[in-house]
Amino acid sequence: MFALIDGNNFYCSCERIFQPRLQKVPLVVLSNNDGCAIARSEEAKALGIKMGQPWFQIKHLEQSAGLVSLSPNFPLYGDMSLRMMRLASELGDKQEIYSIDECFIGLQGISNVTHRASEIRAKILQWTGIPTCIGIGHTKTLAKLANHIAKDADRKPGSYPTRLAQVCNLAELNERQRQFLFEMTDVGEVWGIGRRISQQLKEAGIKTVKDFVELDPGTVRKRFSVVLERTWRELRGQSCIELEEVPTPKKEIAYTRTFGQPVHNLASLIEAVTEFTSRAAEKLRKQQSKTSTILVFIHTSKHRSRPQYARSITVPLVRPVSDTKNLINAALHGLKKIYKPGFDLTKAGIVLMDLTNAQTRQAELDFGETVLDSDERLMHAIDEINDRFGRGTIIYGSAGVGSEKKVWTMNQQRRTPSYTTTLGEIPTALT
DNA sequence: TCTGGGGTCCTAGGACCC
DNA sequence: TCTGGGGTCCTAGGACCC
């Protein structure tokens, strides 16, 4: 049996902890560059704001409806997440942290689950200020579905029976009650059924979860995929997706950004790609991996009717490395190959691919010209210094050292302080 | 005027290799 | 004039998840 614990409107909830005036107010947290809404409070959802909706389309609600928007504050969300996850883990014996705001809990041998879940929920709320919902079921997909029901029952009166609000345990319901809930639930709410497949199912007359589970598995496999068949089995109570306690190392590490303003010149791109590569290399070393392929891309905005340009290139490395200097050299080499002047470039990024464990060493013939990783101790020292004194304390020269603000950096107009992770930004209580 | 970022998995065509 | 089959790599794009 599994539980899924999920923070409600997580980023908005994090912001509200330190700014109580934002309670009950329609609130959105915007994406990088203050581009679109990536988290919405219930009040903001009630205004009809959609997930991912561009800010310029909803900006007018500031005046007319008191909408408040904030730039994202990921250090804060990451730290609040850790606190929430630590408490959530007390529900069972195993935990899989699935995303910044949700985790699965393995419930093997746990009795009185529903009651325990309510207690954990109350504890998380009291200790961290984050409201959560908990779904429980025999498979991960069912736990996800139960979580959806717990949430809707909580915030949309009349959608589901109110006793399922906040904590919903599908495993303790009888078959008839489960069927009843399946019949009320749109097939598109199922974990693994996205916009596209949901639409195809509906065109075939399969509208609810009940319709879907009544299909024949062979048909699901043939018409769609083996992946969807797995989802079907999970909904029928057959567990196919295991709990992953230890996160598997990433196969790719990316750092990509939309620029604050369009960029036209190679010099700015070099700065941006240097910065992106440095940051990705930090992540790479943190996970104790090396990379042997780096992909660089640049492109214009599809939303503008200007000449379009999009290119990417993969640059193979002679051997797996994790040091920033070698990676920057490779990335800039690729960038210069794909750069073409005359376009309003709005986004660039790099992806480190073909990651391998840093401990693995491939033996090789010595041709007397080996390009080695920079001293590992040097990289380690730079990471430590940047960790301790703030990102950007030590940078590579091609990241640009001028004092003026770089055109490509992000716009973040409404960023809140890092209340819990930066000494100078700790909130003060007025006496 | 203004439209996010980080992942995984899969597919398909073209270039190139033997 | 006649012209195979198997494979990899690259690039691009689409599906899903958060």
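By convention in this document, chain letters (A, B, ...) are assigned in the order of the sequence lines, proteins followed by strands, and residues within each chain are numbered from 1.
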Could you list the donor-acceptor pairs under 3.5 angstrom formed by side chains in residues 242-256 of chain A, with sequence neighbours left out?
from: A:Y255; atom 1: OH; to: A:R257; atom 2: NH2; distance (Å): 3.3
from: A:Y255; atom 1: OH; to: A:R279; atom 2: NH1; distance (Å): 3.4

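- Shown here for A:D34 and A:P72, the closest heavy-atom pair between the two residues is OD1-CD, 4.3 Å.
- Across all strands, A:K144 comes closer than 4.0 Å only to sugar-phosphate atoms, never to a base (heavy-atom distances).
- Under the ring-ring contact (aromatic ring centres under 6.0 Å, His included) criterion, A:H148 pairs with no residue at all, not counting sequence neighbours.
- Within the structure, the salt bridge (charged side-chain N to carboxylate O under 4.0 Å, His left out) test picks out the following pairs touching residues 126-143 of chain A (sequence neighbours left out): A:E96-A:K140.
- For the residue pair A:V296 and A:A331, the shortest heavy atom distance occurs at CG2-O, 3.6 Å.
- Contacts of A:E102 classified as side-chain hydrogen bond (donor to acceptor under 3.5 Å, both in side chains), with partners at least two apart in sequence or in another chain: A:K144.
- Judged as a side-chain hydrogen bond (donor to acceptor under 3.5 Å, both in side chains), and not counting sequence neighbours, A:N357 has no contacts.
- A distance of about 30 Å separates the P atoms of B:dC2 and C:dC18, rounded to the whole Å.
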Considering only nitrogen or oxygen atoms on both sides, find all protein atoms under 3.5 Å from nucleotides 2-9 of chain B and state each distance.
from: B:dC2; atom 1: OP1; to: A:R304; atom 2: NE; distance (Å): 3.1
from: B:dC2; atom 1: OP1; to: A:R304; atom 2: NH1; distance (Å): 2.9
from: B:dC2; atom 1: OP1; to: A:R304; atom 2: NH2; distance (Å): 2.2
from: B:dG4; atom 1: O4'; to: A:S31; atom 2: OG; distance (Å): 2.8
from: B:dG5; atom 1: OP1; to: A:T258; atom 2: N; distance (Å): 2.7
from: B:dG5; atom 1: OP2; to: A:T258; atom 2: N; distance (Å): 3.3
from: B:dG5; atom 1: OP2; to: A:T258; atom 2: OG1; distance (Å): 2.8
from: B:dG5; atom 1: OP2; to: A:K347; atom 2: NZ; distance (Å): 3.3
from: B:dG5; atom 1: O3'; to: A:R257; atom 2: NH1; distance (Å): 2.8
from: B:dG6; atom 1: OP1; to: A:R257; atom 2: NH1; distance (Å): 2.9
from: B:dG6; atom 1: OP2; to: A:T256; atom 2: N; distance (Å): 2.8
from: B:dG6; atom 1: OP2; to: A:T256; atom 2: O; distance (Å): 3.1
from: B:dG6; atom 1: OP2; to: A:T256; atom 2: OG1; distance (Å): 2.6
from: B:dG7; atom 1: OP2; to: A:A254; atom 2: N; distance (Å): 2.7
from: B:dT8; atom 1: OP1; to: A:K251; atom 2: N; distance (Å): 2.9
from: B:dC9; atom 1: OP1; to: A:K251; atom 2: NZ; distance (Å): 3.1
from: B:dC9; atom 1: OP2; to: A:K251; atom 2: NZ; distance (Å): 2.9

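- Counting to the nearest Å, the P atom of C:dT11 and the CG atom of A:L295 are 7 Å from each other.
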Dot-bracket for DNA chain C, please. Rules: Watson-Crick or G-U, both distances under 3.5 Å, ( ) within the strand, [ ] when a pair crosses earlier ones, | for another strand, . otherwise. ....||||||||||||||
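- Formation of a donor-acceptor pair under 3.5 Å by the A:S159 side chain with backbone atoms of A:D152 is found in this model.
- The minimum heavy-atom distance linking A:L170 with A:L142 is given by the pair CD1-O, 3.5 Å.
- Within the nucleic acid shown, A:I193 comes within 4.0 Å of sugar-phosphate atoms alone, with no base atom in reach, counting heavy atoms only.
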Pairs under 3.5 angstrom, nitrogen or oxygen only, protein versus nucleotides 13-18 of chain B, please.
none

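- The list of salt bridge (charged side-chain N to carboxylate O under 4.0 Å, His left out) pairs with a residue in residues 294-318 of chain A, not counting sequence neighbours, reads A:R306-A:D344.
- For residues 207-216 of chain A, the side chain to side chain donor-acceptor pair (under 3.5 Å) pairs, not counting sequence neighbours, are A:T208-A:D211, A:K210-A:E214, A:D216-A:T219.
- The stretch residues 307-314 of chain A does not touch DNA chain B, since none of its heavy atoms comes less than 4.0 Å from the strand.
- The salt bridge (charged side-chain N to carboxylate O under 4.0 Å, His left out) analysis of residues 52-73 of chain A, with sequence neighbours excluded, yields the pairs A:K59-A:E62.
- A:M84 approaches A:D101 most closely through the heavy-atom pair CE-O, 3.3 Å.
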